[in-house]
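Worksheet: one structure, shown below.
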Amino acid sequence: MSQLQPWENEEYVKYTLWFIFACVIYSIIGFSWGALMGGIHEFRHFVDHRLHGNLIVRAHTHINLLGWVEMAIFAAVYYIVPRLVKRPIYSLKLVKVHFWTHNLGLIGMVVFFTTAGLVGGMASTEVSPAEVEALVKPWLRTMGIFGSLVLLANCIWAYNIFMTCRKPK
Ligand code: HEM
Ligand code: HEM
């Protein structure tokens, strides 16, 4: 049997595959979301015409971009970089932190973009625009906290890739 290369660590391969599985799952959710949003007249009308209803489109956008697109890119970069530089990844622990932080941040962003859109859109027929703003604000703030987690995850990823590529002393 041929010997495993240092970058073919079992745990590393597992996490790289998890990025791919997550990408597939988010793509199914994101594409279905788009199909329902475009196909159901009442849904389309809600997101296009109710106050803050478009935040539900932001949820669709971000599940596709941060889920389907970014997850695929992360998996590809984790696969390619160690092979290019012929070294294992700098920190396997940071790969795991990246995976969980990104997923948690992304799910939180999508949940709270949607909540803010639903709360705003439903309230807009009952109360004044100023009251709608006040109702939506805390949900958007929470979305921002989860968004910051996504940003943190990206920085962790960038650091790990940079350290992997850096020439050892
Ligand atoms: C089967 C797949 C998809 C369907 C059916 C779909 C459907 C839709 C629909 C109906 C809207 C417009 C909602 C509205 O404002 O009335 C929309 C918006 C959007 N979608 Fe998708 N989508 C799909 C996949 C994707 C993917 C893969 C991405 C990105 C990678 C994406 C990115 C966006 C963006 C950025 C917008 C917002 C455009 C804007 O604000 O003007 N969508 N999508
Ligand atoms: C740290 C992660 C991110 C946060 C917190 C974030 C936050 C936001 C917010 C708050 C908006 C709405 C702006 C508005 O309607 O006034 C927005 C729009 C948008 N973002 Fe992001 N974003 C993030 C990452 C990304 C990434 C990585 C992409 C692309 C790969 C992206 C693509 C877009 C697009 C295309 C729009 C406008 C179109 C739409 O949603 O309809 N975002 N983002």
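Both ligands and their constituent atoms are indexed starting at 1 by order of listing.
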Which option, [options], owns the non-hydrogen atom nearest [atom]?
| atom | options | answer |
| --- | --- | --- |
| atom 13 (C) of ligand 2 | Arg58, Met143, Met109 | Arg58 |
| atom 6 (C) of ligand 1 | Gly34, Gly38, Gly67, Gly53 | Gly34 |
| atom 5 (C) of ligand 2 | Gly147, Gly144, Ala59 | Gly147 |
| atom 37 (C) of ligand 1 | Val57, Leu66, Leu36 | Val57 |
| atom 34 (C) of ligand 2 | Thr61, Val47, Leu55 | Thr61 |

Identity and distance of the protein heavy atom lying nearest [atom]:
| atom | answer |
| --- | --- |
| atom 21 (Fe) of ligand 2 | His62 NE2, 2.1 Å |
| atom 15 (O) of ligand 1 | Asp48 OD1, 3.0 Å |
| atom 12 (C) of ligand 1 | Met37 CE, 4.4 Å |
| atom 29 (C) of ligand 2 | Leu65 CD1, 3.6 Å |
| atom 25 (C) of ligand 1 | Asn64 ND2, 3.2 Å |
| atom 8 (C) of ligand 1 | His60 NE2, 3.7 Å |
| atom 27 (C) of ligand 1 | Phe31 CE1, 3.3 Å |

The test is side-chain contact (heavy atoms from CB on, under 4.5 Å); show your working for Glu126 and Glu131 and say whether it passes. CA-CA 10 Å; Glu126 316 275 332; Glu131 286 171 298; over 6 Å; no
Looking at [atom], would you say a protein heavy atom lies below 4.0 Å from it?
| atom | value |
| --- | --- |
| atom 10 (C) of ligand 1 | yes |
| atom 32 (C) of ligand 2 | yes |
| atom 41 (O) of ligand 2 | yes |

Taking all non-hydrogen atoms of both residues, which atom of Met143 and which atom of Met109 are closest, and how far apart? CG-O, 3.6 Å
Nearest non-hydrogen partners of Thr164 and Ile89, listed with the distance: OG1-CD1, 3.5 Å
For ligand 2, the portion of Phe146 having any non-hydrogen atom under 4.0 Å away: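 Neither part.
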Neighbour count >12 (heavy atoms, 6.0 Å) for atom [atom1], [X]:
| X | atom1 | result |
| --- | --- | --- |
| Tyr90 | OH | no |
| Lys137 | NZ | no |
| Arg141 | CZ | no |
| Trp139 | CH2 | no |

Backbone N or O of Gly120 within a donor-acceptor pair of the Arg50 side chain at under 3.5 Å? no
Can you tell me which residue among Asn54, Leu140, Ile63, Thr61 is in a side chain to side chain contact (heavy atoms under 4.5 Å, CB included) with Phe113? Leu140
Pair His98 and Phe19, ring centroids less than 6.0 Å apart: yes
Centroid-centroid distance, Trp18 to Phe21, less than 6.0 Å: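 Trp18 vs Phe21: aromatic centres not under 6.0 Å.
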Look at ligand 1 and say whether Ala35 reaches it with a heavy atom at a distance under 4.0 Å.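 Checking ligand 1 against Ala35, which is what was asked, there is a heavy-atom contact under 4.0 Å.
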Considering only heavy atoms, does Val69 approach ligand 1 within less than 4.0 Å through its side chain, its backbone, both, or neither?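 Near ligand 1, Val69 shows its side chain, while the N, CA, C and O stay back.
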Counting only heavy atoms closer than 4.0 Å, does ligand 1 sit against the backbone of Trp33, its side chain, both, or neither? neither
Could you list which atoms of ligand 1 come closer than 4.0 Å to a heavy atom of Trp68?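 Contacts of ligand 1 toward Trp68, numbered from 1: 27 (C).
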For Arg44, the ligand 1 atoms whose distance to one of its heavy atoms is below 4.0 Å: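 With Arg44 as reference, the close atoms of ligand 1 come out as 14 (C), 16 (O).
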Look at the aromatic rings of His60 and Trp33 and report parallel, tilted or perpendicular, splitting at 30° and 60°. tilted
Find the distance between CZ (Arg83) and CD (Glu8) and round it off to the nearest 0.5 Å. 5.5 Å
Considering only heavy atoms of Phe113, which atoms of ligand 2 have at least one such atom less than 4.0 Å away?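 Selected atoms, number and element: 9 (C), 10 (C).
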